Amino acid sequence: MRYLLAYMIVVIVIGISGCVNGTNDTDNLTIKTSENSTQLQVEGTETQIKSGNLTYPAYVAAPTTGNKKPGIILIHSFRGLEPGYLDLVDKMASENYVVIAPRWQTFETSPSDPAVGQLIKDSIVYLKARPDVDSNMLGLTGFCAGGRYTMLFLPQIEELDSGVAWYGFPYSGGSATQPDKPVDVLEGLEYPMLIIHGTRDQASNISGIYAYAAELDAADKYFEMKVYQGQPHGFMIEEGQLSQIFEAQDAYWQMMTFFDRTLK
């Protein structure tokens, strides 16, 4: 009887604690982990990518294991390669990928689309030259402006095998430096793309993402989409740091399991 009473007290305390702290439905949700997630030891270093007549600094991270693995190019947001992105590169690499993040704003805050496209191509050349990269398994992911670049260049660079576009701009373009809109080149999309977006994105309204998804579907292009209710633009990085909210952690899981399915 004494043990039964103690057990009932513990249950009551836990129940009360859950009621007091459960102010947000997402607080009690758990993040799934990929069965393929190995969490390998990672080495991160600074490197350089020669593109055109310029040399861009880049951050690259890779597992210390010697086997060949997929390569991923990460295109940071308009706010630069913030510390949160460096942590994200390391985290992605720990799941058996070689990940490189070129600092595409090194010489211009808003470089032309051709310049960024060439930098992505030259990052591919860098990855292919590494002995630990399987050149037949290459992915692209980007955030904000990088999300637009993912939408824009995944259909145009044939070496890429899949991509994840975070809160991108499918209808942005049509200027001298940005001649094409991502929606205008979607006919060239031959590989799977995952779109990640928030419903409260003021910079890139969710209605445009739904319209883009409809055009992808009408063109019979394979894509997946994960939308997070209530999330604003840039929810993966908060004040320069990798966000720890449920939605950000779940979105990371969505990205990595997508790459596991499409690249490995």
Side-chain angles (χ1 to χ4, degrees), residues 49 51-52 54 56 70-78 100-102 104-105 108-128 135-198 201 203-227 233-234 236 254-255 258-259 261-263:
I49 303 294
S51 186
L54 301 172
Y56 292 81
I72 297 175
I73 301 164
L74 184 149
I75 307 299
H76 61 75
S77 76
F78 202 73
I100 185 167
W104 57 272
Q105 292 176 305
E108 296 179 79
T109 301
S110 301
S112 69
D113 284 351
V116 176
Q118 188 59 50
L119 178 57
I120 293 173
K121 292 177 182 178
D122 291 322
S123 297
I124 290 173
V125 172
Y126 169 86
L127 288 175
K128 285 186 171 183
S135 61
N136 294 315
M137 297 187 293
L138 298 175
L140 176 67
T141 188
F143 303 75
C144 180
R148 175 182 176 272
Y149 291 136
T150 301
M151 294 171 171
L152 183 65
F153 293 117
L154 184 60
Q156 299 189 72
I157 301 177
E158 60 182 14
E159 291 91 345
L160 295 170
D161 301 294
S162 73
V164 180
W166 294 73
Y167 26 87
F169 298 81
Y171 294 93
S172 176
S175 67
T177 58
Q178 297 182 336
D180 296 320
K181 301 176 183 178
V183 69
D184 293 336
V185 300
L186 64 79
E187 286 292 344
L189 184 64
E190 300 297 334
Y191 298 103
M193 177 169 58
L194 170 63
I195 300 168
I196 296 176
H197 218 83
D201 192 324
S204 177
N205 193 279
I206 188 64
S207 62
I209 298 303
Y210 290 143
Y212 178 59
E215 297 205 48
L216 286 169
D217 184 58
D220 203 25
K221 301 300 180 180
Y222 182 81
F223 72 97
E224 298 177 18
M225 186 162 64
K226 180 66 177 181
V227 175
H233 190 74
M236 190 64 175
Q254 297 287 344
M255 173 176 67
F258 180 80
F259 278 137
R261 288 186 283 113
T262 60
L263 292 181

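Position 1 is the first residue of the sequence; numbering continues from there. Computed from a predicted model, the values in this text were never measured in an experiment.
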*Flag the pair V116 / P111 as yes when at least one side-chain heavy-atom distance between them is below 4.5 Å, and no otherwise.*
yes

*Taking atom OH of Y149 and atom CD of Q178, what is their separation to the nearest 0.5 Å?*
6.0 Å

*Heavy-atom closest contact (S123 atom, I73 atom, distance)*: CB-CD1, 3.8 Å

_side-chain contact (heavy atoms from CB on, under 4.5 Å), paired with L140, selected from I157, D161, T150, V164_ = T150

*Do F169 and P182 have side-chain heavy atoms sitting under 4.5 Å apart?*
no

*asked:* Under the side-chain contact (heavy atoms from CB on, under 4.5 Å) test against Y171, which residue among R148, E215, M151 passes?
replied: E215

*Only one of T141, I120, L119 forms a side-chain contact (heavy atoms from CB on, under 4.5 Å) with I75, so which one is it?*
I120

_Are Y212 and I195 packed together at the side-chain level, in the sense that at least one heavy-atom pair is separated by less than 4.5 angstrom?_
yes

*So, for H76 and P102, which heavy atoms are closest and what is the spacing to 0.1 Å?*
CD2-O, 3.5 Å

_Using modelled atom types and a 3.5 Å cut-off, is there a donor and acceptor pairing between side-chain atoms of Q105 and backbone atoms of F78?_
yes

*asked:* Rounded at 0.5 Å granularity, tell me how far CG in N136 sits from NZ in K128.
replied: 8.0 Å

*Is it true that a side-chain atom of H197 and a backbone atom of S204 form a donor plus acceptor pair closer than 3.5 Å?*
yes

*asked:* Contact between D201 and I209 at the side-chain level, heavy atoms closer than 4.5 Å - yes or no?
replied: no

*What distance do M236 atom CE and W166 atom CH2 have between them, rounded to the nearest 0.5 Å?*
4.0 Å

*asked:* I need the M255 CE to L74 CG distance, nearest 0.5 Å.
replied: 7.0 Å

_Where H233 and Y167 come nearest, the two heavy atoms and their spacing_ = CE1-O, 3.3 Å

*Would you say E224 and Q254 make side-chain contact, with heavy atoms under 4.5 Å?*
no

*Kindly give the heavy-atom pair with the smallest separation between G163 and L154, and that separation in Å.*
N-CD2, 3.7 Å

*Take L194 and F259 through the side-chain contact (heavy atoms from CB on, under 4.5 Å) test and state the conclusion after the steps.*
CA-CA 9 Å; L194 170 63; F259 278 137; over 6 Å; no

*In Å and rounded to the nearest 0.5 Å, what is the OH to OG1 distance from Y191 to T262?*
12.0 Å

*Would you check if M193 and K221 make a side-chain contact, meaning some heavy-atom pair closer than 4.5 Å?*
no

*Hey, could you give me the CD1/CZ distance between I196 and F258, rounded to the nearest 0.5 Å?*
9.5 Å

*D180 and D113, any side-chain heavy atoms less than 4.5 Å apart*: no

_Do I49 and I100 have side chains that approach each other closer than 4.5 Å (heavy atoms only, starting at C-beta)?_
yes

